[in-house]
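What follows is a single structure, written as C-alpha cells, with notes after it.
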Amino acid sequence: FFINHDIGFQHQLIVNMYCRIFEPGKTIISYGQKVNEMYFINRGNAFFYDSKGVIPFIKLPQYSFFGEY
C-alpha cells in the first residue's frame, strides 16, 4: 500500500497498525455502525451489502481500503 512513500513513514505506520484477519463471510462492520478505523484489504476482498444484509452492491478487491470517511 505504501511502497512509494518514505521508509521512515512506512516503519512508523506499521508500528502503529493493528493487524486483524477476518474469516470469509464474517461481518466486519454492521449496517449503521460508526466506523472509527481504516481497513486495508491485503488479501481477498470485501463486499458492501444493503441495509438488510442481502444484496451486495460493492465489491472491494485486494489492495483496496475503506473506513476513511
Side-chain angles (χ1 to χ4, degrees):
F1 286 99
F2 301 101
I3 198 91
N4 295 322
H5 289 78
D6 178 67
I7 194 72
F9 172 80
Q10 291 178 33
H11 288 170
Q12 192 64 31
L13 182 66
I14 289 168
V15 167
N16 289 296
M17 289 180 86
Y18 176 68
C19 178
R20 282 179 269 174
I21 299 171
F22 295 97
E23 296 294 322
K26 174 148 172 79
T27 299
I28 298 172
I29 301 169
S30 298
Y31 178 79
Q33 180 181 348
K34 279 193 160 193
V35 180
N36 56 8
E37 298 176 324
M38 191 161 179
Y39 296 85
F40 296 94
I41 302 169
N42 190 45
R43 189 178 318 154
N45 49 57
F47 292 90
F48 283 37
Y49 287 85
D50 65 351
S51 62
K52 295 179 182 176
V54 178
I55 301 172
F57 62 91
I58 294 177
K59 175 185 176 185
L60 296 177
Q62 184 175 355
Y63 305 126
S64 299
F65 58 91
F66 63 97
E68 71 275 17
Y69 294 169

**Request:** Consider only side-chain heavy atoms of I, L, V, M, F, W and Y, link residues closer than 4.5 Å, and tell whether M17 and F65 are in one cluster.
**Result:** yes
**Asked** Honestly curious: do F40 and I58 fall in one hydrophobic cluster under the side-chain, below-4.5 Å linking rule?
**Response**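 No, separate clusters.
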**Prompt:** Quick one: ring-ring contact (aromatic ring centres under 6.0 Å, His included) partners of Y39, sequence neighbours excluded?
**Reply:** F66
**Prompt:** Who are the side chain to side chain donor-acceptor pair (under 3.5 Å) partners of R20, not counting sequence neighbours?
**Reply:**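 For R20 the side chain to side chain donor-acceptor pair (under 3.5 Å) partners, ignoring immediate neighbours, are E37.
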**Request:** Please name the pair of heavy atoms, one in N45 and one in L60, separated by the smallest distance, quoted to 0.1 Å.
**Result:**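 Closest heavy-atom pair between N45 and L60: CB-O, 2.9 Å.
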**Asked** Would a 4.5 Å heavy-atom cut-off, applied to side chains only, mark N42 and Y63 as touching?
**Response** yes
**Message:** Suppose we screen for side chain to side chain contact (heavy atoms under 4.5 Å, CB included). Which residues come up paired with V15, at least two apart in sequence or across chains?
**Reply:**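 V15 satisfies side chain to side chain contact (heavy atoms under 4.5 Å, CB included) with no other residue.
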Taking distance alone, no hydrogens or angles, what donor-acceptor pairs closer than 3.5 Å link side-chain atoms of residues 24-35 to residues at least two apart or in another chain?
unit_1	atom_1	unit_2	atom_2	d
Q33	OE1	S30	N	2.9

**Request:** Mind telling me whether F57 and F48 have parallel, tilted or perpendicular rings, with 30° and 60° as the class edges?
**Result:** perpendicular
Under 3.5 Å, side-chain donor or acceptor atoms of residues 1-8 against the rest of the protein: list the pairs with distances, not counting sequence neighbours.
unit_1	atom_1	unit_2	atom_2	d
D6	OD2	G8	N	3.0
D6	OD2	F9	N	3.4

**ILVMFWY clustering at 4.5 Å (side-chain atoms), partners of F47** =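 Same cluster as F47: Y49.
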